[in-house]
J.: 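Have a look at this one before I ask anything.
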Amino acid sequence: MSIDTPHQSSPPPTGPMVMVYIGEDDPTRGDSHGFKGIGQRMAQKLNGRFHYLEDRHLNTLYPGLRKDRGLKRYLEEHGKPDIVFTRSSYAHRMMTRITPLMMIDLVNEHISSALLQDDTLVAHHLTPEIFDAEGKKFRENYPDIKSPILAVMMVHIWDTPEFAEKIVSKCAQHEEPLTVFICSSRRTESPHYTALKQEIEERARKKGLEGRLFIEGYNFAEEGRKENTFNPYIGLIQEAEHILVAGESVSMVSEPLAAGKRVMVHGANTEFTQLKRKGLVIDFSDCAADTRFETPRVEPVNVTEDVADRLVDRFNAVAKRTQSTQPTENPGWLRRTLNKMFGL
């Protein structure tokens, strides 16, 4: 989900300043969602200020300035951050020079692995309130969808014909109407999305499912880069009865689980062994083709709180140590401190 404006938390700004700087990175990617969610929760727990920035925000705030100079101007106006989340190379160099007490530049899975010893669930920014709001937007943008929804969250698919055949075969077991909504991601190539949609449509026609099986979709490669277009991803999670993640994406598994929905996975490299034992994830290959889609509701699972708690503990420890000593300006100090914190 794109963020339309730079976000700053409301007063009182008595605690540390937490900055999430996405920079030139894609705000819809899982790592961006993770940074935003963790940063917000840390700011709340520390009674601090939260700032969220993308490069396009700097272009709006400081037109004509290079992005590094725009970022420098922003910091001059709002102060030096104590905690920084960024994967931007030039922001990383700048932040290292001003020595924040904590800087996180790891991908989501590495953060979970280091702090929770588990990389099969990752942090994100989603809350029940966000799910509800996006669900309403989804219904406003797709008012013609009246039937239960199978959401196919698409990353990559290499066995498109077989995958489409199994989807349609299972859909055919439903006597009531059903909608298959294919939602591609930023990593999905447009031809792959088109091929899957066409395969499902053709197989549905051959099985005589017209009027009973409806095919909808969102092609991120075409729609995601346009201004003022609705990205249905979060709302689809909220409104879909069944969730099927096609390809490798830990974020796409973690986010539906936060909404209390079991996830079917297909073609993932991650094993999700513990999640499968808990009944939170099931392989699509283990779902019989001649049975209906069945998706039991589960207790919502969200590790964002745990990740934020552990980082708050580490931040407080670093802040306490630096009260009696002046941090060096040597960038190596920061890297060694983080490496020690994360056990890297």
Side-chain angles (χ1 to χ4, degrees), residues 29-30 108-109 119-122 124 148-174 178-204 207 209 213-221 232-234 236-237 239-298 301:
R29 69 179 294 180
N108 235 351
E109 289 87 342
D119 61 0
T120 60
L121 284 172
V122 294
H124 49 76
I149 301 172
L150 164 66
V152 180
M153 305 303 195
M154 184 178 180
V155 187
H156 296 296
I157 299 174
W158 308 114
D159 56 344
T160 301
E162 296 83 0
F163 183 60
E165 177 64 29
K166 186 167 183 177
I167 287 176
V168 174
S169 293
K170 289 185 71 64
C171 289
Q173 306 306 312
H174 291 255
L178 188 66
T179 296
V180 175
F181 195 112
I182 305 169
C183 186
S184 67
S185 73
R186 65 180 184 85
R187 287 188 282 152
T188 311
E189 296 180 10
S190 187
H192 290 179
Y193 164 85
T194 302
L196 178 61
K197 192 167 184 290
Q198 290 176 345
E199 289 279 359
I200 293 176
E201 290 171 340
E202 178 64 16
R203 281 165 169 71
K207 291 183 182 294
L209 298 179
L213 182 60
F214 306 97
I215 318 299
E216 291 281 355
Y218 173 80
N219 187 350
F220 184 91
Y233 173 71
I234 298 173
L236 181 59
I237 292 175
E239 296 301 308
E241 280 71 20
H242 316 288
I243 307 286
L244 171 55
V245 175
E248 174 66 20
S249 176
V250 176
S251 292
M252 284 186 172
V253 171
S254 299
E255 289 161 348
L257 288 176
K261 299 185 179 182
R262 188 184 70 174
V263 180
M264 295 174 283
V265 294
H266 176 79
N269 295 323
T270 302
E271 292 293 333
F272 298 110
T273 303
Q274 293 298 324
L275 297 181
K276 290 174 183 176
R277 287 176 181 169
K278 295 176 181 179
L280 301 174
V281 170
I282 184 172
D283 270 316
F284 191 49
S285 61
D286 293 335
C287 301
D290 59 352
T291 61
R292 294 163 50 95
F293 283 101
E294 299 289 348
T295 299
R297 297 302 297 260
V298 298
V301 179

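Being a predicted model, the structure only gives us computed values, none of them experimental.
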J.: Will you find, in the side chains of Gln274 and Thr120, an N or O donor that is under 3.5 Å from an N or O acceptor?
T.: no
J.: Would you say the side chains of Thr295 and Lys261 form a donor-acceptor pair under 3.5 Å?
T.: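 Note: Thr295 and Lys261 side chains miss the donor-acceptor criterion.
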J.: Please find the pair of heavy atoms, one from Val253 and one from Pro256, that lie closest to each other, and give the distance.
T.: O-CD, 3.4 Å
J.: Show the numbers, then the answer: is there a side chain to side chain contact (heavy atoms under 4.5 Å, CB included) between Met264 and Leu150?
T.: CA-CA 11 Å; Met264 295 174 283; Leu150 164 66; 4.1 Å; yes
J.: Measuring only between side-chain heavy atoms, which start at C-beta, is His266 closer than 4.5 Å to Asp283?
T.: no
J.: Please determine whether side chain to side chain contact (heavy atoms under 4.5 Å, CB included) holds for the pair Ile282 and Val263, giving the CA-CA distance in whole Å, both sets of side-chain angles, and the decisive distance to 0.1 Å.
T.: CA-CA 6 Å; Ile282 184 172; Val263 180; over 6 Å; no
J.: Please collect all salt bridge (Lys or Arg N to Asp or Glu O under 4.0 Å) contacts where either partner lies in residues 152-166, sequence neighbours excluded, each pair once.
T.: Glu165-Arg203, Glu165-Lys207
J.: Show your reasoning for whether side chain to side chain contact (heavy atoms under 4.5 Å, CB included) applies to Leu121 and Val250.
T.: CA-CA 6 Å; Leu121 284 172; Val250 176; 5.7 Å; no
J.: Considering non-hydrogen atoms only, spot the tightest contact between Gly279 and Val298 and give its length.
T.: O-CG1, 4.1 Å
J.: Under a 4.5 Å cut-off applied to non-hydrogen side-chain atoms, are Ser184 and Met153 in contact?
T.: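 Contact flag for Ser184/Met153 side chains = no.
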J.: Taking Arg262 for its side chain and Glu294 for its backbone only, find out whether a donor-acceptor pair lies under 3.5 Å.
T.: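 Yes, the answer is positive, given that a donor and an acceptor are paired below the 3.5 Å cut-off.
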J.: Counting distance only, does the side-chain N/O of Lys276 pair as donor-acceptor with the main-chain N or O of Glu271 below 3.5 Å?
T.: yes
J.: Would you name the heavy atoms of Arg297 and Ala259 that are closest together and state the gap between them?
T.: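 The answer is NH2-O, 2.8 Å.
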J.: Does any part of the side chain of His242, heavy atoms only, come nearer than 4.5 Å to the side chain of Ile149, both counted from C-beta?
T.: no
J.: I need the minimum non-hydrogen distance between Gly217 and Lys197, along with the two atoms involved.
T.: N-CE, 4.3 Å
J.: Can you check whether Phe293's main-chain N or O pairs, donor with acceptor, with His174's side chain at less than 3.5 Å?
T.: yes
J.: Between Ile167 and Phe284, is there a side-chain heavy-atom distance shorter than 4.5 Å?
T.: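 Side-chain contact under 4.5 Å: yes.
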J.: Taking Arg29 for the side chain and Arg187 for the main chain, is one N or O donor matched with an acceptor at less than 3.5 Å?
T.: no
J.: Between the side chains of Asn219 and Ser190, does any donor sit under 3.5 Å from an acceptor?
T.: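 Present: a donor and an acceptor within the cut-off.
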J.: Surrounding CD of Gln173 (heavy atoms of other residues, nucleotides or ligands, distance under 6.0 Å), is the total greater than 12?
T.: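 It does: Gln173 CD has more than 12 such atoms within range.
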J.: Within the structure provided, determine whether Val152 and Phe163 are in side-chain contact (heavy-atom separation under 4.5 Å).
T.: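 In contact.
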J.: For the pair Trp158 and His192, evaluate side chain to side chain contact (heavy atoms under 4.5 Å, CB included) and give the outcome as yes or no after the intermediate values.
T.: CA-CA 9 Å; Trp158 308 114; His192 290 179; 3.8 Å; yes
J.: When you compare the side chain of Glu248 with that of Thr270, does any pair of heavy atoms fall below 4.5 Å?
T.: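 Sidechains of Glu248 and Thr270: in contact.
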J.: Under 4.5 Å between any side-chain heavy atoms of Tyr218 and Ile182, yes or no?
T.: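 A side-chain contact under 4.5 Å is absent here.
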J.: Are side-chain heavy atoms of Cys171 and Val180 found at a separation under 4.5 Å?
T.: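 Side chain of Cys171 against side chain of Val180, heavy atoms only: contact under 4.5 Å found.
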J.: Strictly by modelled atom types, are Ser185 and Thr188 linked by a side-chain donor-acceptor pair under 3.5 Å?
T.: yes
